Amino acid sequence: QVQLVESGGGLVQAGGSLRLSCAASGSIFSINAMGWYRQAPGKQRDLVATITNGGSTNYADSVKGRFTISRDNAKNTMYLQMNSLKPEDTAVYYCYSNTLRGPTSYRYWGQGTQVTVSS
């Protein structure tokens, strides 16, 4: 299994920045993709950003140009740099990993970290 531990959430003013971290441990050699979801109160959990082992990234339209996903393979840690934060970004952010076992990819989740952006 893969264990994911998140950190870096908190309270920030609109226009400010936060950097979320997601440290992976366990069966990390089979991870083929990682990313971030977020869930605001009363809303569904939405995909924010993804990154593959090859470094390809994708972003939700709502965060393009403001958020950057990256990965430090030496530290087994993924990051989400969030700039120009808006109150609409307020949510619990969850990191995930996709771990390949045979032909099947399994999803593992971090515990979630609260991001609150004040107006």
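Since we're looking at a predicted model, the values are computed, not measured.
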Handout entry: Validation row: Val63, Arg38 side chains within 4.5 angstrom (heavy atoms)
Key = yes
Practice task
Determine, using ring centers only, whether Tyr108 and Tyr96 are less than 6.0 Å apart.
Solution key: no
Exercise for the section: List the atom of Ala14, the atom of Ser119, and the distance in Å for their closest heavy-atom pair. Expected result: CB-CA, 4.5 Å
Fill in the blank from the handout: Result for ring pair (Phe, Tyr, Trp, His ring centres under 6.0 Å) between Tyr37 and one of Tyr93, Tyr94, Trp109 points to Trp109
Problem - Sidechain-backbone polar pair: Arg66 side chain, Met82 backbone, donor-acceptor under 3.5 Å - result: no
Problem - Close side-chain approach of Gln114 to Leu11, heavy-atom, < 4.5 Å - result: no
Exercise for the section: Would you kindly say whether Asn76 and Arg71 are connected by a side-chain donor-acceptor distance under 3.5 Å? Expected result: no
Problem - Heavy-atom side-chain proximity of Asn32 to Thr99 below 4.5 angstrom - result: no
Fill in the blank from the handout: Here the pair of heavy atoms bringing Ser97 nearest to Val2 is OG-CG1, 3.6 Å
Practice task
Can you measure from OG1 (Thr116) to CG (Asp89) and round to the nearest 0.5 angstrom?
Solution key: 11.0 Å
Handout entry: Spacing of Leu100 atom CG and Ser27 atom OG [to the nearest 0.5 Å]
Key = 12.0 Å
Exercise for the section: Is it possible for you to check whether Arg101 lies under 6.0 Å from the centre of the six-membered ring of Tyr106, through NZ or CZ, and within 45° of that ring's axis? Expected result: yes
Exercise for the section: Compare all side-chain heavy atoms of Thr68 with those of Leu80 and state whether any distance is below 4.5 angstrom. Expected result: no
Exercise for the section: With the side chain counted from C-beta on, respond yes when Val115 and Leu20 share a heavy-atom pair under 4.5 Å apart, and no when they do not. Expected result: yes
Problem - Flag if over 12 foreign heavy atoms under 6.0 Å of CD, Gln13 - result: no
Problem - Validation row: Gln81, Ser17 side chains within 4.5 angstrom (heavy atoms) - result: yes
Handout entry: Non-hydrogen side-chain atoms of Ser56 and Ile51 separated by less than 4.5 Å
Key = no
Exercise for the section: Would you mind telling me which of Leu4, Thr50, Asn98 makes a side-chain contact (heavy atoms from CB on, under 4.5 Å) with Met34? Expected result: Leu4
Problem - Lys75 backbone acceptor or donor facing Thr77 side chain under 3.5 Å - result: yes
Problem - Pairing of Asp61 and Lys64 as salt bridge, 4.0 angstrom limit - result: yes
Exercise for the section: Please tell me if the side chains of Ile69 and Met78 come closer than 4.5 Å, counting only heavy atoms from C-beta onward. Expected result: yes
Handout entry: Backbone N/O of Gly112 and side chain of Glu6: donor-acceptor pair under 3.5 Å
Key = yes
Practice task
Tell me whether Val12 is reachable from Val92 by hopping between hydrophobic residues (I, L, V, M, F, W, Y) whose side-chain heavy atoms are closer than 4.5 Å.
Solution key: no
Practice task
May I ask you to check whether Trp36 and Phe67 place their ring centres under 6.0 Å from each other?
Solution key: no
Practice task
Show your working on side chain to side chain contact (heavy atoms under 4.5 Å, CB included) between Tyr79 and Asp72 and close with a plain yes or no.
Solution key: CA-CA 8 Å; Tyr79 305 96; Asp72 186 338; 3.9 Å; yes
